[in-house]
Number of protein chains: 2
Amino acid sequence: MLQGTASSNAPDPVGRGVHARRRILSAALELLADAGMRGFTMEAVARQAGASKATLYRHWPSASALLVDAMDAQFRPAPQPSTGDLRADLVAILDGFVRALTDTPFPRLMAAFIDAAERYPELADLHTELTRRRRAPALRLLADAQARGEITLDIDPDVIVDLLAAPFFYRRFVAHRPIPADLPAVVVDRVLATMRTRDKTPDDIPKDLPRPQERAPSARTATRRQRGRHDRQERGRQ
Amino acid sequence: MLQGTASSNAPDPVGRGVHARRRILSAALELLADAGMRGFTMEAVARQAGASKATLYRHWPSASALLVDAMDAQFRPAPQPSTGDLRADLVAILDGFVRALTDTPFPRLMAAFIDAAERYPELADLHTELTRRRRAPALRLLADAQARGEITLDIDPDVIVDLLAAPFFYRRFVAHRPIPADLPAVVVDRVLATMRTRDKTPDDIPKDLPRPQERAPSARTATRRQRGRHDRQERGRQ
DNA sequence: TATCGATACTGTACCGTATCGATATGCTCC
DNA sequence: GGAGCATATCGATACGGTACAGTATCGATA
């Protein structure tokens, strides 16, 4: 699948080798998260893993091959919520994003991926694939809801998923501002509001859902500014 | 303001030094865009700039101080479209984003920023500030439209700007998928649809705008207009 | 006169390869 | 079923080569 990797296709070797391999893959990700591509050296990985440099080169022909394997091994498929309540399920998915972006080392790893993908084509391909897998649950929810007649998908569903997922990554990696706890609900409501079918709206949808034209007044207080330490004052120059 | 920079606040020195300083700042950004933080070394910058390493250390105490200055010097304020047509102005801004993300070296620089900001706090602060400036025109458009009674801002306007801007960065840096030419219009229409006031809708708003509940048959055909207003936007170097 | 480019220098870090002894695993043979 | 051996894998270490950090010096130049 991804060329350049020495052993991702082969069955895991038996015996003592497995342990060294796993230690090395974990160490590679730790280093990448801690120090980015600058800290990702074969020497440092070997040190961190308590392994010999020779062992690294026995398993992977190059640092980038090791990195691809490490990225691939790290991925955990996202859960697929399916309570039948589209809004709740989407919010659950986005809540998972928020947790991953705030309470785990994932964002530091992600930032390194973003940078690495820009410069190593094989990493860009893998990054694309991993992102595709992360998006699959939301895409499926939308397709199911459309099949039930709950929503009208008159545009590319991938764009809808973009609208849903993008704000969280943007806040974390570009705007560097805190993510309000209710942002998943706010985003889902905004996006769903443009897709509800007039004729059929299931009863299990919360009634205070802010439909356009007849919005619940609570959305305002729910999203009160909420700025933290990232709020900065004006700078002197332009 | 940004500690660690040797001279960003001081007036530019006169004489031959100015030229060397500018060459070095440009070279720093070129290297950062080309090879990320790995390629950003004082030696490489000096080579690229045709300068002496000693000259670099005369101006900046460290590599990160140089990087902060280079990032700061690169920024060009985004234009502020204001035709009075909220939709057209927002689309113009997002078109500028798309051009910067597809036709310039800006994204490679941006990816390096994203990674660097994760590991160097002073770069994160600067990145936050630069992003804030990039968002200012859209925020002002929304405030003006609200003042005109054209839209109802019942949530944090920053969240609206997030919804508008995020999909483009997400597509480019996370999903690694091409950005359709009509995505700005699609995004603007989706987001505006949830904010239009019922009572007052200015006449200069296109009538085929996909309102929720009475949607135009295709958001695609409905959003084909107003292109090529301003051709200048912020990007990296020249 | 201030700034610059060029050069040299020491110290450190990493690359990629080679070698060697240690050890866990699996198989054979009794 | 257990002792013993063969094999694969491992960690440690060393090596020459390259690159970069940061400082110092000196002559050139605007």
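These numbers come from a predicted model, not from an experiment. Throughout, protein chains are lettered first and strands after them, A, B, ... in sequence-line order, and every chain is numbered starting at 1.
- Partners of Q80(A) according to the side chain to side chain donor-acceptor pair (under 3.5 Å) rule, which considers only residues two or more places apart in sequence or in another chain, do not exist here.
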Residues 167-176 of chain B side chain polar contacts: donor-acceptor under 3.5 Å, at least two apart:
{"residue": "Y170(B)", "atom": "OH", "partner": "R135(A)", "partner atom": "NH1", "Å": "3.3"}
{"residue": "R171(B)", "atom": "NE", "partner": "D162(A)", "partner atom": "OD2", "Å": "2.5"}
{"residue": "R171(B)", "atom": "NH1", "partner": "P178(B)", "partner atom": "O", "Å": "2.8"}
{"residue": "R171(B)", "atom": "NH2", "partner": "D162(A)", "partner atom": "OD2", "Å": "2.9"}
{"residue": "R172(B)", "atom": "NE", "partner": "L101(B)", "partner atom": "O", "Å": "3.3"}
{"residue": "R172(B)", "atom": "NH1", "partner": "E118(A)", "partner atom": "OE1", "Å": "3.4"}
{"residue": "R172(B)", "atom": "NH1", "partner": "E118(A)", "partner atom": "OE2", "Å": "3.0"}
{"residue": "R172(B)", "atom": "NH2", "partner": "E118(A)", "partner atom": "OE2", "Å": "2.5"}
{"residue": "H176(B)", "atom": "NE2", "partner": "H127(A)", "partner atom": "ND1", "Å": "3.0"}
{"residue": "H176(B)", "atom": "NE2", "partner": "F173(B)", "partner atom": "O", "Å": "3.3"}

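- Nucleic acid contact for A51(B): sugar-phosphate only, since backbone atoms but no base atoms lie under 4.0 Å from a heavy atom of the residue.
- Checking side-chain atoms of R119(A) against main-chain N and O of A33(B) turns up a donor-acceptor pair under 3.5 Å.
- Counting only residues at least two apart or in different chains, ring pair (Phe, Tyr, Trp, His ring centres under 6.0 Å) contacts with residues 70-92 of chain A are absent.
- Residues of residues 24-39 of chain A that place a heavy atom closer than 4.0 Å to DNA chain D do not occur.
- Between the CG atom of L56(B) and the C1' atom of dC20(D) there is a distance of 13 Å, given to the nearest Å.
- Put simply, R47(A) has a side-chain N or O that comes within less than 4.0 Å of OP1 or OP2 on dC14(C).
- The side-chain contact (heavy atoms from CB on, under 4.5 Å) check on Y120(B) picks up R38(A), M37(B), A116(B), E122(B), L123(B), with sequence neighbours excluded.
- R99(A) pairs by the salt bridge (Lys or Arg N to Asp or Glu O under 4.0 Å) definition with nothing, not counting sequence neighbours.
- Residues satisfying the side-chain contact (heavy atoms from CB on, under 4.5 Å) test with L31(B), not counting sequence neighbours, are A44(B), V45(B), Q48(B).
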Problem - Under the 3.5 Å Watson-Crick or G-U criterion, the dot-bracket string of DNA chain D, with | for inter-strand pairs - result: ||||||||||||||||||||||||||||||
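- Phosphate contact (OP1/OP2 of dC4(C), side-chain N/O of H59(B), threshold under 4.0 Å): present.
- Evaluation of the side chain to side chain donor-acceptor pair (under 3.5 Å) rule for T131(B) yields R134(B) as partners, not counting sequence neighbours.
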Atom pairs under 3.5 Å: protein N/O with N/O of nucleotides 16-19 of chain C:
{"residue": "dG16(C)", "atom": "OP2", "partner": "Y57(A)", "partner atom": "OH", "Å": "2.9"}
{"residue": "dG16(C)", "atom": "N7", "partner": "K53(A)", "partner atom": "NZ", "Å": "2.8"}
{"residue": "dG16(C)", "atom": "O6", "partner": "K53(A)", "partner atom": "NZ", "Å": "2.7"}

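- Here R132(A) pairs with E129(A) under the side-chain contact (heavy atoms from CB on, under 4.5 Å) rule; sequence neighbours left out.
- Under the side-chain contact (heavy atoms from CB on, under 4.5 Å) criterion, A54(A) pairs with S52(A), R58(A), sequence neighbours left out.
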